[in-house]
Structure formats: C-alpha cells, structure tokens
Amino acid sequence: MQNTPTDESAQGQNMTINLIKETTSTSDEAQIRQLIDEQQSAICAKDVDRIMAYYTKDVIYFDCKVPFQTKSADAFRRIWEECLPYFPDSFGTQTRDLNIFVSGELAFAHWLLRFTDMPEDHPAMQTWLRFTAGYQRQQGKWLIVHEHCSVPFDPHTSQAVFTLDI
C-alpha cells in the first residue's frame with residue numbers, strides 16, 4: 001500500500017508533534033535540574049529565602065528527622081532556620097542518580113544527595129540521603145509541592161543505616 005499525500009502529511013504532523021513534546025520535555029527537565037542545582041546552592045549558602053523560593057505555600061515535606069511531616073512553607077521555613085546553624089560555615093553537596101519525569105504541568109524527580117567539604121565527624125557528613133520531589137508548574141515556573149527525604153534502615157535491627165558506601 002502506497003502512502004497518499006494525506007497519509008504523509010499526517011505522519012509529518014505526528015513527527016512534528018512528537019518532536020515538540022520531546023523538546024518541551026527536555027526543556028522542562030533542564031529547568032527542574034536547574035531548580036535542584038539552585039536549591040542546593042542556596043542550602044550551601046545557608047540562604048533560607050532562596051531555599052524557600054522553590055516551594056509552594058502549601059508544600060508537604062516528609063523529613064528523615066523530627067518532625068517527620070511538615071505542612072506549609074511557613075512551617076518548613078522554621079525547620080530550615082533551626083537546622084542551618086548546625087551546618088559549618090562552608091560546605092558543598094554531591095548529587096547522583098538524578099532522574100526527572102515530566103508530564104504536562106506535573107513532574108517528579110528522585111536522587112541521592114550527600115553533604116561534602118565538611119569535617120568527617122559532622123553528623124550530616126555520615127550518609128547519603130534519598131530525595132523524591134513532586135513539582136507543579138505554576139504561572140510558568142516549576143515549584144516543589146511535595147518533597148521526601150529519607151535514609152535506609154536495616155530491617156533486622158530497625159536502625160537507620162548511615163553509610164557513604166553505595
């Protein structure tokens with residue numbers, strides 16, 4: 001069966017639509033990757049205003065420490081304000097295994113993160129953390145609506161597993 005001009009036109013339109021979707025998805029993924037990088041930079045700068053600029057007002061955050069669930073950006077801001085003084089004046093982060101998935105106005109990402117460039121005996125230096133974040137595009141800007149930070153645990157001891165070996 002031969003393609004008619006109409007069939008070829010439809011195929012060309014489908015290819016164009018798929019290319020637009022892929023380009024948009026790639027652009028969205030790049031924006032979210034940039035958001036994650038900027039957020040980590042803000043954490044290392046201990047700049048609470050910049051950290052909070054990436055969250056919606058009604059964000060839900062599940063943390064690896066008490067409180068295990070925080071509802072609202074205002075409550076989460078207080079957590080950062082209480083936490084950051086315990087970090088050294090200068091430190092960095094390392095991210096690995098970052099995966100980003102985008103569908104329309106929603107996206108999620110997951111990755112491993114550890115703190116670097118701090119004394120080896122600092123509690124934050126002892127392990128990799130697991131992150132999952134849900135994003136929503138609001139007025140053209142990607143914002144975090146849900147974030148989850150965790151550490152693995154040993155089911156035989158019910159103890160958290162702190163390790164840099166992965």
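One is the number of the first residue; the rest follow in order along the sequence.
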*asked:* Starting from Ile36, can I reach Phe101 by hopping between I/L/V/M/F/W/Y residues whose side chains sit under 4.5 Å apart?
replied: no

*Between Arg130 and Val151, which heavy-atom pair has the shortest distance, and what is it?*
NH2-O, 3.2 Å

*Does one hydrophobic cluster hold both Val48 and Phe87, with members joined at side-chain heavy-atom distances below 4.5 Å?*
yes

*Can you tell if the side chain of Val66 reaches within under 4.5 Å of the side chain of Phe68, non-hydrogen atoms only?*
yes

*Identify the heavy atoms of Cys64 and Ser150 that sit nearest to each other, and give their distance.*
CB-CA, 3.9 Å

*In terms of hydrophobic clustering (I, L, V, M, F, W, Y; side-chain heavy atoms under 4.5 Å; direct or indirect links), are Met118 and Trp80 co-clustered?*
yes

_Does the plane of the ring in Phe62 sit parallel, tilted or perpendicular to the ring in His146? Use 30° and 60° as the thresholds._
perpendicular

*For the student: nearest non-hydrogen atoms of Ser41 and Arg50, plus distance*: OG-NH2, 3.1 Å

*Begin with the C-alpha distance, continue with both residues' side-chain angles, and end with the deciding distance and a verdict on side-chain hydrogen bond (donor to acceptor under 3.5 Å, both in side chains) for Gln138 and Thr56.*
CA-CA 9 Å; Gln138 295 183 4; Thr56 61; 5.3 Å; no

*Hey, what do you get for CG (Asp97) to CG (Leu113), rounding to the nearest 0.5 Å?*
11.5 Å

*Quick one: pull up CZ in Arg114 and CG in Leu129 and give me the separation to the nearest 0.5 Å.*
11.0 Å

*So, for Leu143 and Ala53, which heavy atoms are closest and what is the spacing to 0.1 Å?*
CD2-O, 3.6 Å

*Atom CH2 of Trp142 and atom CD of Glu105: how far apart are they, to the nearest 0.5 Å?*
6.0 Å

*Does Ile144 reach the side chain of Leu35, with side-chain heavy atoms less than 4.5 Å apart?*
yes

_Would you compute the distance between atom SG of Cys44 and atom CZ of Phe115 and round it to the nearest 0.5 angstrom?_
7.5 Å

*Looking at side-chain heavy atoms only, is the closest gap between Arg77 and Ile51 below 4.5 Å?*
no

*asked:* So, taking the atom named CD in Gln34 and the one named CD in Glu38, what distance separates them when rounded to the nearest 0.5 Å?
replied: 4.0 Å

*Minimum heavy-atom separation for Val161 to Phe153, with atom names?*
CG2-C, 3.7 Å

_Is any side-chain heavy atom of Pro67 closer than 4.5 Å to one of Ile79?_
yes

*Tyr54: what forms a ring-ring contact (aromatic ring centres under 6.0 Å, His included) with it, not counting sequence neighbours?*
none

*Please state whether the rings of Trp111 and Phe131 are parallel, tilted or perpendicular, taking 30° and 60° as the class boundaries.*
parallel

*Enter the distance from Arg137:CZ to Ile32:CD1 here, rounded to the nearest 0.5 Å.*
8.0 Å

_Please give me the minimum heavy-atom distance between Phe91 and Pro88, naming the atom from each residue._
CD2-O, 3.5 Å

